[in-house]
Structure formats: structure tokens, C-alpha cells
Peer 1: 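Dropping a structure here in C-alpha cells format, bear with me for questions.
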Amino acid sequence: MNDSTFKWRPTMITSSQCRAARALVEYSIDRLSVASGVSRGIIEMFERKLENADPDDIASLQSALEKGGAIFIPDGDTGGIGVRLKFSRSQTKRIATLEGEGGIVGSDDVP
């Protein structure tokens, strides 16, 4: 196989990761269909594990979900596959502000 015919792809996401990522980024099947260019029927069949999707369709789904804020976690030494939601820049700034506010620590007891 020569370099011109080889197309490298990262590990493909699973149907469970697709469902979880869609929930995390709050995409309906219709919204994911529009964002990825993959038909609603293919997404439904893939997520329900009723039919294997084409690798190009899976790559399109993964790309659209990543653009929506999902991060796919590969299988590794520290645990299995997964998905999480990345923080946006504005969320990261707000967290840093809250963590840096400091102040005097008071008692949590309520009279």
C-alpha cells in the first residue's frame, strides 16, 4: 500500500460513545444529522447497535460531536473508553475567577 491510498483514521467511536456524547452536547438526532451529514436512520441504527455504520459516517459523527464539545477517551492503562465534555474558554475563565476569589473562611454552621 502506498501513501497516496492510505487514509489514517483515529480509533472509531462506539455506538455507546455516540449516544453519550450526543447527550453531553445536547444534540438531538436531527441536529447531529444536520451537523454530520449522516442520515437520521443511520444514526438511529448505529446507536441502537442494529447495524454497522460505514467508517466514513462514524468519522463524520465523531467530528460533529467533537465540534460540539465532546472529547472521546480511548481505551488505555488507566481505564476503558469514555466521553467527556470539554470546557469552553469562557467557562474556564469563570472557574478560574471563582477559584481565585479567596477571602476569609467562615464557619458553615447555620444558627
Side-chain angles (χ1 to χ4, degrees):
M1 175 181 336
N2 65 38
D3 289 336
S4 64
T5 60
F6 177 73
K7 186 176 181 183
W8 179 84
R9 285 194 182 105
T11 303
M12 292 291 179
I13 62 171
T14 65
S15 58
S16 298
Q17 282 179 301
C18 186
R19 279 193 316 275
R22 194 166 56 79
L24 285 171
V25 300
E26 300 178 359
Y27 277 12
S28 66
I29 290 179
D30 290 328
R31 184 170 178 188
L32 180 57
S33 177
V34 169
S36 66
V38 177
S39 77
R40 177 185 174 87
I42 289 173
I43 296 169
E44 287 176 340
M45 297 296 274
F46 175 62
E47 286 188 352
R48 294 175 62 199
K49 300 179 185 178
L50 298 176
E51 189 174 301
N52 289 331
D54 180 77
D56 288 334
D57 288 339
I58 296 171
S60 295
L61 293 172
Q62 182 172 348
S63 177
L65 290 165
E66 286 172 340
K67 286 178 186 170
I71 296 176
F72 295 97
I73 303 165
D75 193 9
D77 295 338
T78 59
I81 63 169
V83 61
R84 70 176 181 87
L85 190 59
K86 71 178 176 182
F87 290 114
S88 69
R89 284 195 175 132
S90 64
Q91 290 171 319
T92 303
K93 280 183 179 180
R94 279 184 264 157
I95 290 169
T97 300
L98 291 172
E99 289 177 343
E101 283 184 347
I104 300 171
V105 178
S107 173
D108 288 340
D109 293 335
V110 178

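All residue numbers in this chain count up from 1 along the given sequence.
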Peer 1: Say whether Ile58 and Leu24 are linked into one hydrophobic cluster, either directly or through other cluster members, by side-chain heavy-atom distances under 4.5 angstrom.
Peer 2: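 They do share one cluster, since a chain of ILVMFWY contacts under 4.5 Å joins Ile58 to Leu24.
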Peer 1: Just verifying a value: how many Å separate Ile71 CD1 and Leu85 CG, rounded to the nearest 0.5 Å?
Peer 2: 8.0 Å
Peer 1: Do you know which two heavy atoms are closest between Gly68 and Tyr27, and how far apart they sit?
Peer 2: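 Looks like CA-OH, 3.5 Å.
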Peer 1: Considering all heavy atoms of both residues, which atom of Ala21 and which atom of Val83 are nearest to each other, and what is their separation?
Peer 2: CB-CG2, 3.7 Å
Peer 1: What pairs of residues pass the side chain to side chain donor-acceptor pair (under 3.5 Å) test when at least one of them lies in residues 28-45, not counting sequence neighbours?
Peer 2: Asp30-Arg40, Arg40-Glu44
Peer 1: Rounded to the nearest 0.5 Å, what's the gap from OG1 on Thr14 to CD on Gln62? Could you check?
Peer 2: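 Taking OG1 in Thr14 and CD in Gln62, the distance rounds to 10.0 Å.
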Peer 1: What distance do Ser60 atom OG and Leu65 atom CG have between them, rounded to the nearest 0.5 Å?
Peer 2: 10.5 Å
Peer 1: Please give me the minimum heavy-atom distance between Asp75 and Gly80, naming the atom from each residue.
Peer 2: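 Minimum heavy-atom separation between Asp75 and Gly80: OD1-CA, 3.4 Å.
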Peer 1: Would you say Asp57 and Phe46 make side-chain contact, with heavy atoms under 4.5 Å?
Peer 2: no
Peer 1: Considering all heavy atoms of both residues, which atom of Leu32 and which atom of Ala64 are nearest to each other, and what is their separation?
Peer 2: CD1-CB, 3.9 Å
Peer 1: Show which residues join Met45 in its hydrophobic cluster (side-chain heavy-atom contacts under 4.5 Å, direct or indirect), or state none.
Peer 2: Leu50
Peer 1: Scan for side chain to side chain donor-acceptor pair (under 3.5 Å) pairs involving residues 46-55, sequence neighbours excluded, and state none if there are none.
Peer 2: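 Only Arg22-Glu47 qualify under side chain to side chain donor-acceptor pair (under 3.5 Å).
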Peer 1: Nearest 0.5 Å, what's the CG-CE distance between Leu61 and Met12?
Peer 2: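 That separation rounds to 10.0 Å.
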Peer 1: Give me the atom names and distance for the closest heavy-atom approach of Ile13 to Cys18.
Peer 2: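 So the minimum-distance heavy-atom pair works out to CD1-CB, 4.0 Å.
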